[in-house]
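Written below as structure tokens is the structure these notes are about.
Proteins get letters first, then strands, A, B, ... in listed order; numbering begins at 1 in each.
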2 protein chains.
Amino acid sequence: MDFGVENMLKISELSQQTGLSAHTLRYYEKHGLINASNRSEAGYRFYTDSDVRRVQFVKTARNTGFSLADIGQLLSIRVDKLSHSCQDVTDITQKKLLEVNAKLAELQSMQQTLELLLESCCGGPENATHCSIMEALDAGLSREDKNEARLIK
Amino acid sequence: MDFGVENMLKISELSQQTGLSAHTLRYYEKHGLINASNRSEAGYRFYTDSDVRRVQFVKTARNTGFSLADIGQLLSIRVDKLSHSCQDVTDITQKKLLEVNAKLAELQSMQQTLELLLESCCGGPENATHCSIMEALDAGLSREDKNEARLIK
DNA sequence: ATTGACCTTAGAGTTAGCTCTAAGCTTATA
DNA sequence: TATAAGCTTAGAGCTAACTCTAAGGTCAAT
Ligand SMILES: [Zn+2]
Ligand SMILES: [Zn+2]
Ligand SMILES: [Zn+2]
Ligand SMILES: [Zn+2]
């Protein structure tokens, strides 16, 4: 009856293999991303090799930056590749790249502003009455002025 | 008695001037960042010029990437510059820059991975049975392998 | 006097992705 | 057999920064 239970993993073993916590694995299951193909009579989850590969796919996609919703889509492609095209895959990937690029631009702008602020300030122990960082934040930064210009007209 | 009420702003007027919603302004007040120096008899908030400048400082700092907690610290320096040093200011700014740099590195890694994935896939209408993006996610990406290597030993 | 726009408050809901708790079984070891 | 470690579930809590709702008071114009 219970043929092949030996090479299946319990949740803590899967956790160790993947580096994802048991909590997270159950969370992914609750959200429809993964599943344990088998359960013991007591209800313990048992993961097959195929289950493990699916979890590793999820982890890899997660590390690549995909949201759990994205991963849900990628997984439905994965289980039925015949019904999906390469374009379906690139659409998801391209969308993610655009998001990443947008965040990058925002962070680069912040980085530049912060570096300029740090260059302008002595960083010394004297009091901050004439601190150029405080002055700059009080004056409204030039980057922000540009954004403001959009709103005015 | 109510001298000078004329040049004060109601919350919706401040909202228009700053581009922050009235909800957000009340939220900032609840969290101790800003305040209306005066209230009408009915309890309406009235903002002085000084209040407005403080709100604009908050907005500028927010646009620069500072968290509301950071801004709370910057504001307490702002109201008592004599008791604080330039170093106090650069400490906050430097810490923020480090955070931004860390996020940048993460996003740049994602960007690179996503670009490589997109280069490898034809993106065409044929079915996804041999899609190289799916293969790469199944195999575990090389970037991830590097991270894994850290864990192994 | 009656709209309707604006203001007040406390507090709930949103987002994403976990992270943890409580209460109670199960399993392995001593 | 007792103890500890591990498993189960539902559901609460966390983070940050809003965003919105409900129920009601205020104000200007008609
Ligand atoms: Zn200085
Ligand atoms: Zn300074
Ligand atoms: Zn293809
Ligand atoms: Zn492809």
- Nearest-nucleotide 5' precedence on DNA chain C, A:Glu41 against B:Gly43: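 Result: B:Gly43.
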- Residue closer to the 5' end of DNA chain C, A:Ala42 versus A:Ser21 (nearest nucleotide):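 Result: A:Ser21.
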- Message: With a 4.0 Å cut-off on N to O distance, would you call A:Glu99 and A:Lys96 a salt bridge?
- Response: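 Yes, this pair counts.
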- So, are A:Asp51 and A:Arg45 salt-bridged, with charged N and O less than 4.0 Å apart?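 Salt bridge flag = no for A:Arg45 with A:Asp51.
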Would you say [X] reaches [N]'s phosphate, i.e. side-chain N/O to OP1/OP2 under 4.0 Å?
X       : N      : result
A:Tyr28 : C:dC18 : yes
B:Ser12 : C:dC7  : yes
A:Arg26 : C:dT21 : no
A:Arg39 : D:dT9  : yes
A:Arg45 : D:dT8  : yes

Which whole-number value in Å describes the distance from [X] [atom1] to [N] [atom2]?
X       : N      : atom1 : atom2 : answer
B:Asn38 : C:dC7  : CG    : C1'   : 16 Å
B:Leu20 : D:dT19 : CG    : P     : 10 Å
A:Leu9  : D:dC7  : CG    : C1'   : 15 Å
B:His23 : D:dC18 : NE2   : P     : 13 Å
B:Leu25 : D:dA17 : CG    : P     : 16 Å
B:Asp70 : D:dA16 : CG    : P     : 11 Å
B:Phe46 : D:dC27 : CZ    : P     : 9 Å
B:Phe66 : D:dA17 : CZ    : C1'   : 17 Å

- Please check if A:Val100 and B:Leu116 belong to a single hydrophobic cluster, counting links between Ile, Leu, Val, Met, Phe, Trp and Tyr side chain heavy atoms closer than 4.5 Å.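 No, because A:Val100 and B:Leu116 fall into different hydrophobic clusters, even though each may have its own neighbours under 4.5 Å.
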Residue [X], side-chain atoms from C-beta onward, closest of [options]:
X       : options                : value
A:Leu68 : C:dT19, C:dC7, C:dG17  : C:dG17
A:Lys30 : D:dG11, C:dC6, D:dC18  : D:dG11
A:Ser40 : C:dG17, D:dC18, C:dT27 : C:dT27

- Pick base, sugar-phosphate or nothing for B:Ser67, based on heavy-atom distances below 4.0 Å to the nucleic acid.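 Sugar-phosphate, no base atom in range.
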- Message: Between A:Ser67 and A:Asp70, is there a side-chain donor-acceptor contact under 3.5 Å, judged purely by atom types and distance?
- Response: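 Yes.
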- Has A:Arg39 got its NZ or CZ under 6.0 Å from the middle of the six-membered ring of A:Tyr44, at an angle within 45 degrees of the ring axis?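 No, A:Arg39 does not lie over the aromatic ring of A:Tyr44.
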